[in-house]
Amino acid sequence: MSSDSRYTPSLIEHKWYSHWQHKDYFSSVPDDREAYAIVIPPPNVTGMLHMGHMLNNTIQDILIRKARMEGKNACWVPGTDHASIATEAKVVRWLREEKGLKKSDLTRPEFLEYAWQWKEKYGGIILEQLKKLGASCDWKRTAFTMDEVRSKAVIKVFVDLYKKDKLYRGLRMVNWDPSAKTVLSNEEVLFSDEQSNLYHVRYRIDGTEDEWITIATTRPETILADTAVAVHPDDERYAHLVGKMAIIPMVNRVVPIIFDTYVEKDFGTGALKVTPAHDVNDYELGLKHGLEVIDIFEEDGTLTPAAQFYVGLDRFEVRKRISKDLDKSGHLLKMEPYQNSVGRSERTNAVVEPRLSLQWYVRMQSLTEPALKAVIEDDIRFFPKQFKNTYRHWMENFRDWCISRQLWWGHQIPAWYLGEEVFVGETVEEALTEAIKSTGNTKLLISDLRQDEDVLDTWFSSWLWPISVFDGFESKEEIDYYYPTAVVVTGWDIIFLWIARMVMAGYEWRGDKPFRDVYFTGMVRDKLRRKMSKQLGNSPDPLKLIEDFGADGVRFGMLASSPAGGDLLFDDKLCEQGRNFCNKMWNALRLLKGLNIVDEEQSPKSALASAWLTQRMDKVLEASIGDFEQYRLSEVLMNFYKFVWDDFCSWYLEMIKPAFGEAIDRKSYEEAVGHFERICSMLHPFMPFITEELWHSMRDRAEGEDCMISIYPKAQSQASELLGPMEQITDIISKIRDARNKNGIGMKLDLELLLEESANTKVLLALDGASEMLVKLANLKQVVVVKEEPAIQYVSFVSGTDKIYLEMPVEIDKDSEEARLSKELEYANGFLKSIQQKLSNEKFVNSAPEAVVDAERRKMADGEARVRLIQESLNKLKA
RNA sequence: GGGUGCAUAGCUCAGCUGGUUCAGAGCAUCUGUUUUACACACAGAGGGUCCGCGGUUCGAAUCCGUGUGUGCCCACCA
């Protein structure tokens, strides 16, 4: 404990973190113990720690620390994801800003060299941040999706899928990111409603002077690529146009007017421009009606010569210009504000362009089947389980997965071309062998083959993570031991991108699930339920939070926010509460450490308090088992919090605390430290730093005797016969405080406690014991048993079925006493009445379970006694 | 349009298999306390139509139906 005796998180955090590291407690190798593995959802190398990471890593750390303390071989593998598109974008910017280089100036190997440099420099930041949070990962195992082992796995899997005929190249409409100049999978496109305009443009009917058809579009720039106009076949307005052609403005292309039920009559003018090259639906229409496809966009979103106008300008610039030009030429009839949903690239935020291109796809059907089954049948359990439905719905409609990306940073596709023919192999030599076999040309050289320029989607490596982190495609030793892993903790936003795919990969290559449980955290939002965003500035800096409240405080705050599933409303007030909790425990230990200890026999009062605390703790621990199993960690923590603060600090410590100037007996002291020790273990997974610090401060510890590897406490006994009496004691003490307050006794005064003869002896004893606690309230003179109502100035109350007389040194306010007693009587009567009513109901007695009826009978007996006792007091007072 | 949740104190949420006078917790609010571990504290208090309606049951915050409000996911969006 530091010398200034103030709780200062920063002082202890660094100390224990390096201590644990030094002990190598985080390392794991297969052994005889039960394996409990968690693979960290690899954060992007580009990433900084954000609140979502804080949350799910706190949760994982709790789970892994608890497993470790329960004697399992706890293995938490950290790592980072190469995040091909996001990283490449970052590297491109870095090159431009720091080195004055453009990507196009560099060769692929040059670019990759810079990218690796960047990765070495910035890629580890996020892991360092996680360490500050206290994450007890096995850092020696730190993996990277592009390191040697993981890369090998990716290549192997690609080849394997190809051989199984689960891979193909296909020409399709894809989501194109013009900023990163790559294709995106559907899951990488985020749709949101944006304000735009609906342009009404008229096309002249071919062969007429002044007959027009008006279409509505949000993308006038694509008019240059139009190859038809479509209307609904039943639309009478356009029935006369059968067989007619329309003339595209500006380019003056003559295109057919087609009739298709796809068109909605009620939307806009009921006429639709068809641009097969730049719209998914139009492409389908084009195929159906045999339309020409005119592609007017370059891969960066500027216009090609095929557009004829605005060549080289960006599509949005063109939108502005063409609307003006169309207006000038009298084609633009109307421009109205319109809200539509716009898809943007998850990584670059660029508006996604539908584009026809040739890409690699994974056939999903055979992969989704076992993956769906596993979750439906609870072989993999979802928490909360509602997500099963979402998962099923999606899995049943899984489209083939586009896995090629037009980037350099990533795993280059192991496919080689000889002319139009493709050969796949783990190495170029393998591909060459295939090529020779296929062509019969034995003179072929490696240099004749041209490797596919594209890299694989990042998720194509992430989905192998639970296997590849254990080198599971190459060696058996670790994978057989650690697989399936225990649980994966993640936000639900990547359920499809990542979770579903890991499940598929697990069954495809291991024939087994990758993890037993999936715990979905909520999305972290601010207390006003807004998303955390840079623009709003409502996203706290995690490291600043740790500085302000300590890692333990922040962990507490994250967890106390809200349970799994829904949104998690973050409020740094909760971190403050967490810090205060640490401070409370810190001071509790200061109290103990400050006591004078004497070698005397244990006082009965602390023996009782100690036994009671054991039982309270048992009860809390017992309840936590189910909560832990269901991943209700907030619940567990709050219950622990209340137990430590209320039961341990407010009641137990107050009861065993000797009066001012006096000493505590050794046994009581030892027991108190023992309780505290168990509390440290119990709370350690949640708040590792403070508990480790207190653990070492409370006793001299042997080398290696750390809280982190102490045994997780279990309930010691089932019995709870002391809980009742203690409840009564706390009740009595509360009532004494109350009487003091009500009668305006602010100062310490002599009070005499008198009990009826019938009083429960255990309570009597306990009260005597608890008397030390009353020191602050009153100097308790004595506890005596009375047979009759005493002839003194007193306040009486009923606790349980005992009546207690409290001698008061001041005149009692009879009116308020009467009011108080009347109120109590009313309550007791109401209680009794409701029970009597129940018991007089034959149907209740007959149909309710025996135990319930019995309990009611007991309650009735107690209730009757209470009513009688209160009534007596009231009568006396009135007399 | 398809699916799926949610509705309980000022706020955030528990309330699990229907059964304690069951209406709770934390925070916030208010009142009191310079108390000897802790003011990052202590002792108290107030605060509710458990969304409305109907049903099942001896008994409903809990189960069923229905209405309303509200969130999310998927698809579509000229």
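Please read these numbers as outputs of a predicted model, since none were measured by experiment. Letters go in sequence order (proteins before strands), and every chain restarts at 1.
Rounded to whole Å, the distance from CD on A:E850 to P on B:G19 is 19 Å. Between A:R590 atom CZ and B:U36 atom P the separation is 12 Å, expressed in whole Å. The interatomic distance linking A:E654 (CD) with B:C38 (P) rounds to 11 Å, in whole Å. Atom CG in A:N389 sits roughly 13 Å away from atom C1' in B:G2 (whole-Å rounding). A straight line from CE of A:M860 to P of B:U21 spans 13 Å, rounded to a whole angstrom. Between the CG atom of A:L591 and the P atom of B:C42 there is a distance of 13 Å, given to the nearest Å. Rounded to an integer number of Å, the gap from A:K593 NZ to B:A37 P is 16 Å. Look at CG on A:N639: it is 12 Å from P on B:G15, rounded to the nearest Å.
Among the atoms of the strands shown, only primed sugar atoms or phosphate atoms (P, OP1, OP2) are found under 4.0 Å from some heavy atom of A:Y338. Within 4.0 Å of A:G830, counting heavy atoms only, lies at least one base atom of the nucleic acid. Nucleic acid contact class of A:Y199 (heavy atoms, under 4.0 Å, all strands): none. Across all strands shown, A:R219 has no heavy atoms under 4.0 Å from either base or sugar-phosphate atoms. Residue contacts for A:L592: at a heavy-atom cut-off of 4.0 Å it reaches no nucleic acid atom on any strand shown. Nucleic acid contact for A:C582: none, since no nucleic acid atom lies under 4.0 Å from a heavy atom of the residue. Looking at heavy-atom distances under 4.0 Å, A:L272 makes contact with a base.
Side-chain atoms of A:K388 and A:T390 include no donor-acceptor pair closer than 3.5 Å.
For the pairing with A:P540, the side chain to side chain contact (heavy atoms under 4.5 Å, CB included) check across A:D572, A:L545, A:V554 returns one residue only, A:L545.
A:T275 has its side chain out of reach of A:T217: every pair of non-hydrogen atoms, C-beta onward, lies at least 4.5 Å apart.
Stem list for RNA chain B (at least 3 consecutive Watson-Crick or G-U pairs, distances under 3.5 Å): B:1-7 with B:68-74, B:10-13 with B:24-27, B:29-33 with B:41-45, B:51-55 with B:63-67.
Residue A:E635 has its side chain nearest to B:A14 when only B:C40, B:A14, B:U21 are considered. Here the side chain of A:N583 is nearest to one of B:G15, B:C38, B:U36, namely B:C38. Between B:A37, B:U4, B:C40, one nucleotide has an atom nearer to the side chain of A:N587 than all others, and that is B:A37. Looking at the side chain of A:K584, the nearest of the listed nucleotides B:A37, B:G19, B:U21 is B:A37.
Using a 4.0 Å cut-off between charged side-chain N and carboxylate O, A:R820 and A:E824 make a salt bridge.
Of the P atoms belonging to B:A7 and B:C63, the separation is 10 Å, rounded to the nearest Å. To the nearest whole angstrom, the two C1' atoms, one in B:G46 and one in B:A9, are 11 Å apart. Of the P atoms belonging to B:C6 and B:C16, the separation is 13 Å, rounded to the nearest Å. Taking the P atom of each, B:U62 and B:G54 are spaced 14 Å apart, rounded to whole Å.
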Check nucleotides 24-30 of chain B against the protein and report each pair of N or O atoms closer than 3.5 Å, with its distance, or say if there are none.
{"residue": "B:A25", "atom": "O2'", "partner": "A:K642", "partner atom": "NZ", "Å": "2.9"}
{"residue": "B:G26", "atom": "O3'", "partner": "A:Q577", "partner atom": "NE2", "Å": "3.4"}
{"residue": "B:G26", "atom": "O2'", "partner": "A:Q577", "partner atom": "NE2", "Å": "3.3"}

Restricting both atoms to N or O, compile the protein contacts to nucleotides 71-76 of chain B shorter than 3.5 Å, with distance only.
none

Enumerate the protein-to-nucleotides 57-64 of chain B contacts in which both atoms are nitrogen or oxygen and the separation is below 3.5 Å.
{"residue": "B:C58", "atom": "O2'", "partner": "A:N841", "partner atom": "ND2", "Å": "2.7"}

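Here NZ of A:K619 is found 5.5 Å from CZ of A:R616. Values are rounded to the nearest 0.5 Å.
At the phosphate of B:U21, OP1 or OP2 sits under 4.0 Å from a side-chain N or O atom of A:K859.
In this structure, the ring of A:F387 has its center no less than 6.0 angstrom from the ring center of A:F382.
Remark: nothing in residues 220-232 of chain A comes within less than 4.0 Å of RNA chain B through any heavy atom.
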Under 3.5 Å, sequence neighbours excluded: what are the donor-acceptor pairs made by side chains of residues 391-398 of chain A?
{"residue": "A:Y391", "atom": "OH", "partner": "A:A371", "partner atom": "O", "Å": "2.8"}
{"residue": "A:R392", "atom": "NH2", "partner": "A:N389", "partner atom": "OD1", "Å": "3.4"}
{"residue": "A:N397", "atom": "ND2", "partner": "A:H393", "partner atom": "O", "Å": "2.7"}

